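Inspection log for the structure reproduced underneath, given as structure tokens.
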Number of protein chains: 2
Amino acid sequence: MATGRPGGRVRLQDVADLAGVSMKTVSNVVHDYEHVSDQMRRRVQTAIDELGYRPNLTARRLATGRTGMLALAIPELDQPYFAEIARHIGEEAGRRGYRIIVEQTLSDVEAERAVIRDREEGLVDGVIFHPARIDTLEIARLRPDTPLVLLGEAARPLTTDHVMIDNVRAAREGTERLLQAGRRRIAFLATVRTDITESTRLRLIGHQEALVAAGIPLDPAFVIESDGFDMADGVRALEEALARGIEPQAVLCRDDLFALAAMRALSNAGLRVPDDVSVLGWDDTALARFGTPPLSSISPDKRAIAATALDLLEDRMKGYDGIGRHRIAPHTIEDRGTIA
Amino acid sequence: MATGRPGGRVRLQDVADLAGVSMKTVSNVVHDYEHVSDQMRRRVQTAIDELGYRPNLTARRLATGRTGMLALAIPELDQPYFAEIARHIGEEAGRRGYRIIVEQTLSDVEAERAVIRDREEGLVDGVIFHPARIDTLEIARLRPDTPLVLLGEAARPLTTDHVMIDNVRAAREGTERLLQAGRRRIAFLATVRTDITESTRLRLIGHQEALVAAGIPLDPAFVIESDGFDMADGVRALEEALARGIEPQAVLCRDDLFALAAMRALSNAGLRVPDDVSVLGWDDTALARFGTPPLSSISPDKRAIAATALDLLEDRMKGYDGIGRHRIAPHTIEDRGTIA
DNA sequence: GTGAAAGCGCTAACAG
DNA sequence: CTGTTAGCGCTTTCAC
């Protein structure tokens with residue numbers, strides 16, 4: 001394991017010297033190049049083992065131009081939905097020979113700009129980005145020269161590849177399930193006052209479409225408003241709505257955290273789920289799966305989202321330069337008993 | 001925004017050419033070097049903006065030997081505890097000017113070996129690694145030449161820096177709290193048959209220390225065994241224990257997921273928390289915070305863990321080469337009402 | 001089949 | 001204060 005070069009790492013040249021061959025030959029062995037005599041291969045391999053040689057990846061990159069790394073930029077690593085997406089993207093990327101560098105934007109506008117502007121220059125071969133704040137126009141304008149695929153609903157420039165689920169349809173189907181369970185007075189938890197997000201908007205639209213289709217008049221009192229995205233905000237919002245006298249038979253929630261908020265508010269009000277009120281969450285995260293009772297939840301196919309994003313990105317990295325493609329990933333409704 | 005070099009990226013040399021100066025001068029401007037005349041600075045900056053120049057990070061690395069990146073290797077990105085650790089380490093690293101590349105080992109032995117052997121060669125300046133499978137001996141043997149800090153209890157070679165909480169003490173304190181609440185028959189959920197982990201072992205020891213100190217005889221029936229780490233395993237384990245006739249007044253759980261399992265098993269058995277049985281979780285993850293009722297949980301200070309790990313790692317990266325230092329991060333007991 | 005040499009784009013020592 | 005130049009370690013033509 002002694003290097004011979006005090007302080008320094010073992011380089012390709014050192015191996016070549018020890019084996020008495022040129023760098024090219026060593027390189028051939030390292031890369032399993034076919035036309036190398038068995039004897040040569042063994043000799044070089046011995047030298048490699050003896051010195052404990054490992055190729056320097058940074059140098060390889062500079063020479064090849066490829067980095068083998070992808071950036072995944074998401075708002076927060078510890079929000080269950082993003083953690084699960086990150087896991088799947090990490091797994092799928094690993095399968096395809098890429099490694100992931102994770103960028104937490106913390107929903108900060110500047111951090112998001114940096115992601116598509118220059119933060120990844122020469123560092124990664126491509127970027128998968130779930131924006132929260134930045135909008136369609138700005139992404140189109142900053143148009144990075146690194147291949148980019150967008151996730152989520154926040155921004156969907158025509159020029160950029162995109163993967164998401166059909167939020168309107170999923171919401172419609174969710175509401176239909178609640179209707180089928182005999183619920184008529186269905187609340188939506190919640191639109192967020194400070195920050196009406198696109199995904200909330202789409203989900204609300206789908207929800208209302210289903211109501212209209214069922215001939216149920218839209219009642220604004222059933223579209224609950226929350227002050228923020230925290231669980232406490234959701235609890236308070238629903239409690240206030242109940243206090244104002246609405247008597248929902250079901251609550252469709254914009255995410256699982258709000259579904260948990262609904263559970264708590266209903267529990268506080270002495271209402272039972274699903275006997276008195278149905279609850280349907282969204283995202284199908286650990287939060288929904290592991291509570292008591294486990295929550296029914298609208299479930300984006302996260303594996304499919306990951307695989308599709310990688311597909312699109314690989315096309316771009318291979319040079320595809322056409323217009324942005326928008327892919328819809330499938331979703332299901334996981335019924336764990338809080339619907340009916 | 002036109003580069004002038006069809007197909008290629010804009011390089012330092014291109015900027016120098018356009019500005020009519022040398023590369024060194026451009027470099028000085030890029031690095032905000034002090035001794036540059038204002039006029040020069042402006043001239044160069046104009047050229048930079050005009051060409052849209054961004055330094056190639058890979059090349060910079062090769063030249064400096066520093067990568068500015070750290071690897072974080074954890075079993076699974078979507079396990080709440082690890083997701084939260086990853087978030088804090090990401091934030092803390094960002095504050096210190098590093099970026100994080102995340103390695104999911106999925107608790108695979110080979111993947112773990114790769115992490116400390118060669119996976120990161122020349123790619124990162126240091127590695128923070130939470131091993132699951134690999135042991136102390138092997139880490140000492142593979143001794144990487146990249147600075148390394150270990151997290152968790154699985155492996156603690158004397159030669160390697162390490163951060164963890166005092167599991168024995170935390171468990172003892174947790175059990176003491178349950179005793180103070182008047183509980184005497186306290187079950188431990190659970191040891192895992194297939195894979196007795198070091199952290200479970202330490203937690204069980206602390207638990208039993210507290211019982212002995214309180215003069216309560218140890219009853220093996222209260223140390224529950226589970227077939228695996230899944231929630232379903234935990235539920236089944238506790239249900240079987242209840243069926244065998246134990247009547248615990250409290251359950252100390254090795255993690256929050258098992259605490260949720262306890263909640264479900266107890267609920268299935270018609271027992272109320274905390275009126276009939278107290279439940280205390282471990283890790284203080286979103287799972288504990290957001291359920292109904294919210295769970296009391298032993299809470300490792302994840303921010304402190306992240307900061308300490310970075311401190312140790314930075315020392316190593318600056319050349320510190322002494323013996324391994326073992327740091328204990330603080331913990332608290334978050335009582336959300338399921339103890340008393 | 002194998003070797004020599006020219007980069008990849010940037011930094012840093014050393015002149016000037 | 002600014003310019004020149006020699007690497008960082010690897011890949012990759014192009015000869016031999």
Side-chain angles (χ1 to χ4, degrees), chain A residues 3-5 7-45 47-48 51-68 118 120-125 145, chain B residues 3-5 7-45 47-48 51-68 118 120-125 145:
Chain A
T3 70
R5 300 177 56 247
R9 283 253 324 267
V10 178
R11 298 158 312 166
L12 195 57
Q13 182 66 65
D14 301 324
V15 178
D17 289 350
L18 180 64
V21 300
S22 81
M23 288 173 61
K24 173 63 174 150
T25 304
V26 179
S27 177
N28 282 344
V29 172
V30 170
H31 288 107
D32 270 335
Y33 190 60
E34 332 184 48
H35 306 293
V36 183
S37 71
D38 255 24
Q39 183 202 354
M40 187 85 281
R41 189 182 298 280
R42 245 190 308 278
R43 177 141 63 104
V44 171
Q45 189 58 51
I48 288 178
L51 295 176
Y53 169 71
R54 312 269 174 220
N56 179 319
L57 300 182
T58 303
R60 178 176 291 172
R61 260 169 214 185
L62 184 52
T64 59
R66 279 192 74 255
T67 75
D118 57 13
E120 324 296 340
E121 291 299 319
L123 232 191
V124 297
D125 298 330
D145 34 35
Chain B
T3 70
R5 300 177 56 247
R9 281 255 321 268
V10 178
R11 297 158 315 165
L12 195 58
Q13 182 66 65
D14 301 324
V15 178
D17 289 350
L18 179 64
V21 299
S22 80
M23 287 174 63
K24 174 64 175 153
T25 303
V26 179
S27 176
N28 282 344
V29 172
V30 169
H31 289 108
D32 267 335
Y33 190 59
E34 332 183 49
H35 307 293
V36 183
S37 71
D38 257 23
Q39 182 201 355
M40 187 86 282
R41 190 182 298 280
R42 244 191 307 279
R43 178 140 64 101
V44 172
Q45 190 58 52
I48 288 177
L51 295 176
Y53 169 73
R54 310 274 173 218
N56 179 320
L57 301 183
T58 302
R60 177 177 292 173
R61 262 166 210 189
L62 220 216
T64 59
R66 280 193 73 257
T67 74
D118 57 14
E120 325 296 340
E121 291 299 319
L123 232 191
V124 296
D125 299 328
D145 34 35

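A, B, ... follow the sequence lines: proteins, then strands. Residue 1 opens every chain. Keep in mind that what you see is a predicted model, and the values were worked out from it rather than measured. Heavy atoms only: backbone and side chains are in, while hydrogens, waters and symmetry mates are out.
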- Please give, in whole Å, the distance from dG1(C) C1' to Asn28(A) CG? 9 Å
- The reported gap from CG in Leu57(A) to CG in Leu62(B) (rounded to nearest 0.5 angstrom) is 11.0 Å
- For Asn56(B) and dG7(C), what is the distance between atoms CG and P respectively, to the nearest whole Å? 18 Å
- Item | Rounded distance in Å - CG (Leu51(A)) to P (dG9(D)) | 14 Å
- Please report, rounded to the nearest Å, how far the C1' atom of dG3(D) is from the CZ atom of Arg43(B). 13 Å
- Message: For the CG atom of Leu12(B) and the CZ atom of Arg60(B), what is their distance to the nearest 0.5 Å?
- Response: 9.5 Å
- Is it true that Arg11(B) and Asp17(B) have a side-chain N and a carboxylate O under 4.0 angstrom from each other? no
- Message: Rounding to an integer number of Å, can you tell me how far Asp38(A) CG sits from dG1(C) C1'?
- Response: 13 Å
- Which of residues 16-26 of chain B sit near DNA chain D, with a heavy atom under 4.0 Å from it? Val21(B), Ser22(B), Lys24(B), Thr25(B)
- Task: Could you tell me the separation between the CG atom of Leu57(A) and the C1' atom of dC8(C), rounded to a whole number of Å?
- Result: 16 Å
- Message: Arg43(A) and side chain to side chain contact (heavy atoms under 4.5 Å, CB included): which single residue from Met40(A), Gln45(A), Arg41(A) fits?
- Response: Met40(A)
- Query: Among all residues two or more places apart in sequence or in another chain, which pass the salt bridge (charged side-chain N to carboxylate O under 4.0 Å, His left out) test with Arg66(A)?
  - Reply: Asp125(A)
- Donor-acceptor contact present, side-chain Thr67(A) to main-chain Leu123(A), <3.5 Å: yes
- Interatomic distance, Met40(B) CE vs dT2(D) P [rounded to whole Å]: 6 Å
- Is any side-chain heavy atom of Val44(A) closer than 4.5 Å to a side-chain heavy atom of Ile48(A)? yes
- Please work out if Ser37(B) contacts a base, only the sugar-phosphate, or nothing of the nucleic acid, heavy-atom cut-off 4.0 Å. sugar-phosphate
- Message: Return the NZ to OG distance between Lys24(B) and Ser22(B), rounded to the nearest 0.5 Å.
- Response: 8.5 Å
- Task: Could you state the atom-to-atom distance from NE2 of His31(B) to C1' of dA12(C) in whole Å?
- Result: 11 Å
- Go through residues 59-67 of chain A and report each residue with a non-hydrogen atom lying under 4.0 Å from DNA chain C, sorted by number. Leu62(A), Ala63(A)
- Work out which heavy atom in Tyr53(A) is nearest to a heavy atom in Val30(A); give both atom names and the distance. CE2-CG2, 4.1 Å
- Query: dT11(C), dC10(C), dG9(D): which one has an atom nearest the side-chain heavy atoms of Arg11(A)?
  - Reply: dG9(D)
- Indicate, with a heavy-atom threshold strictly under 4.0 Å, whether Tyr33(A) touches base, sugar-phosphate, or nothing. nothing
